[in-house]
A.B. asks: 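Okay, here's the structure, questions in a sec.
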There are 2 protein chains.
Amino acid sequence: MQFTSVWLREPRRSGSPGRSRDEIVGAAVELLDREGLDGLSMRKLGAKLGAGATSLYWYVATKDELLELAYDQVWGEMTAHDPDGVGWRDAVSALAHSMRQVILRHPWSADLIGRLPALGPNAMRVSDAMRRMFKVAGFTGTTVDFATATLTAYVFGMTIPEVAWDTTMGEAQHDPDELRAAVRKVAADYPEMLESVEMDAYEDPRTVRELCFDFGLLSMLDGLERRLTT
Amino acid sequence: MQFTSVWLREPRRSGSPGRSRDEIVGAAVELLDREGLDGLSMRKLGAKLGAGATSLYWYVATKDELLELAYDQVWGEMTAHDPDGVGWRDAVSALAHSMRQVILRHPWSADLIGRLPALGPNAMRVSDAMRRMFKVAGFTGTTVDFATATLTAYVFGMTIPEVAWDTTMGEAQHDPDELRAAVRKVAADYPEMLESVEMDAYEDPRTVRELCFDFGLLSMLDGLERRLTT
DNA sequence: ACCTGAACACCGTTCAAGT
DNA sequence: ACCTGAACACCGTTCAAGT
């Protein structure tokens, strides 16, 4: 077994005594939400649980395994509805929005998308739900997987840099003039970019990003639907 | 100035003496290509340059700045053609493929997309080139930005998990049976997923991913084109 | 202007030892 | 079965000191 993942080995069977894996993962997620990916260390997490730092290695082989567990818990917050009632486009849209919101709520998870494969049970459940939506739409065979991969790619690809922007820009939104000045400096050689920065300046950035996400999602759905009719 | 980025402060002016920033960034990229994101440490990089580990702090305020520099160098490898000759769809397609290939060549950069804003001159050049393509297509105003963001999101969203998969699965591709067994275990509860795993098993995974990327890209372009005609 | 080395405050992980 | 503490081999960064 050259590759490793928590999901590919048997969990430690245990009765009631001792700490549970859920308890540890829950505390980890809390710490991650509060302090970000760099804020999670085995020592801090141990302390939070009132235990020695190295006790955790009884439940988890490595820190990466812990992150895999926490990552899948994030997938667990994504909600998928039955496509039969509302139609596949609405079902996919709602799921896409849910995925985006969940990532935005747990910014550290954006980093993990590029670091860990999503093999946990919750990730599987979400993928399967989306696959079913595309089957309802009329996709068959490999194109079901392709459509699922495509839409997931769009959602994550849109959300990941959003998170990067928010976290590096921190709370600088207090002073939009300063921020605009910075962007102006960086885009100095591209007059058209400057224009659009000025244009957006009067809108709430959150609103703009929402509009942008919906624009792309609509395009994505139209493009996928087109695959069905030709 | 609450937020920080190499691109938002004046670089250190220097004549010929001493090391140059380019030299340092070049060595960093080499190290990153060879050993990955975790393989780059200030000490190792210093050693590689025949210098003390802390000398680098003369040229760079922090390791993150160094990564910003290296990241933008990756953007520098992406090539954009003039849309006037080939038409906007082909120009955008070629750029999308170029972006994907460059990321695959520098897997560590996939992680950075979610960590650093792309504010460097090369990132700006690529964004501006894509913007021009969409202007040629007929987009105007805000939709130029939306289309650019949408397509970029798709490309990165598709490529980032691809990299994650490759790096965690390492060289396990030697033994496809083992890998298939692993996936089968994880997807045990989803019979349809199992089916498609079996189906893909006889194809080269690289080919499948290429097909998937083109499927999604085509859909994306169709969907964007549709925005123009209504 | 450029570079050094020592030092600080951290890391993840291993392992022998305890209960 | 579960937890501990000490220890190892690392980190990024600061800073006084050198040339």
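Below, chains carry the letters A, B, ... as their sequence lines are ordered, and counting in each starts from 1.
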A.B. asks: Could you tell me whether A/Tyr71 and A/Trp7 have their ring centroids closer than 6.0 angstrom?
C.D. replies: no
A.B. asks: Would you name the heavy atoms of A/Arg125 and A/Met78 that are closest together and state the gap between them?
C.D. replies: NH2-O, 3.5 Å
A.B. asks: B/Leu56 has an atom CG; how far is it from atom P of D/dC15, in whole Å?
C.D. replies: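 Answer to the nearest Å: 18 Å.
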A.B. asks: Please determine, for D/dA16, whether a Watson-Crick or G-U wobble partner exists with both distances under 3.5 Å, and give it or none.
C.D. replies: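 Its partner is C/dT4.
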A.B. asks: For the residue pair A/Leu56 and A/Gly46, what are the closest heavy atoms and their distance?
C.D. replies: CD1-N, 3.9 Å
A.B. asks: Is there any protein nitrogen or oxygen under 3.5 Å from a nitrogen or oxygen in nucleotides 17-19 of chain C, and what are the pairs?
C.D. replies:
none

A.B. asks: So for atom CZ, which belongs to A/Arg34, do other residues, nucleotides or ligands contribute more than 12 heavy atoms lying within a distance under 6.0 Å?
C.D. replies: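 Counting other residues, nucleotides and ligands, CZ of A/Arg34 exceeds 12 neighbours.
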A.B. asks: Mind calculating the distance between CH2 (B/Trp58) and C1' (C/dC3) to the nearest angstrom?
C.D. replies: 10 Å
A.B. asks: Which heavy atom in A/Gly26 sits nearest to a heavy atom in A/Gln73, and how many Å separate them?
C.D. replies: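 Scanning both residues completely, I find the closest heavy atoms to be CA-NE2, 4.3 Å.
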A.B. asks: Quick check: does any side chain N or O of A/Thr167 sit under 3.5 Å from a backbone N or O of A/Ala164, one acting as donor and the other as acceptor?
C.D. replies: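 The answer is yes, because a donor-acceptor pair under 3.5 Å joins these two groups.
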A.B. asks: Please state whether the rings of B/Phe213 and B/His97 are parallel, tilted or perpendicular, taking 30° and 60° as the class boundaries.
C.D. replies: perpendicular
A.B. asks: If I take atom CG in residue A/Leu49 and atom P in nucleotide D/dC2, what distance separates them, rounded to the nearest angstrom?
C.D. replies: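 Going from A/Leu49 (CG) to D/dC2 (P), I get 15 Å.
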A.B. asks: Starting at CG of B/Leu95, measure out to OG of B/Ser127 and round the result to the nearest 0.5 Å.
C.D. replies: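 Atom-to-atom, B/Leu95:CG and B/Ser127:OG are 9.0 Å apart.
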A.B. asks: Extract from the structure each pairing of a protein N or O with an N or O of nucleotides 12-14 of chain D at less than 3.5 Å, listing the distance.
C.D. replies:
unit_1	atom_1	unit_2	atom_2	d
D/dG12	OP1	B/Lys63	NZ	2.8
D/dG12	OP2	B/Met42	N	3.1
D/dG12	N7	B/Arg43	NH2	2.5
D/dG12	O6	B/Arg43	NH2	2.7
D/dT13	OP1	B/Thr62	OG1	2.6
D/dT13	OP2	B/Tyr57	OH	2.8
D/dT13	OP2	B/Thr62	OG1	3.4
D/dT13	OP2	B/Lys63	N	2.8

A.B. asks: Rounded to whole angstrom units, what separation is found between the NZ atom of B/Lys44 and the C1' atom of D/dC10?
C.D. replies: 10 Å
A.B. asks: For atom C1', what is the distance between D/dC3 and C/dC15, given to the nearest Å?
C.D. replies: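 About 13 Å, rounded to a whole number of Å.
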A.B. asks: Picking from C/dC11, D/dA1, C/dT4, which would you name as closest to the side chain of B/Ala51?
C.D. replies: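 Of the options given, the side chain of B/Ala51 lies nearest C/dT4.
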A.B. asks: Tell me: CD1 of B/Ile24 to C1' of C/dC2, nearest whole Å?
C.D. replies: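 Between C1' of C/dC2 and CD1 of B/Ile24: 11 Å.
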A.B. asks: For A/Tyr59 and D/dC3, give me the distance from atom OH to atom C1', rounded to whole Å.
C.D. replies: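 Going from OH in A/Tyr59 over to C1' in D/dC3 covers 8 Å.
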A.B. asks: Atom CZ of A/Phe146 and atom CG of A/Leu151: how far apart are they, to the nearest 0.5 Å?
C.D. replies: 15.5 Å
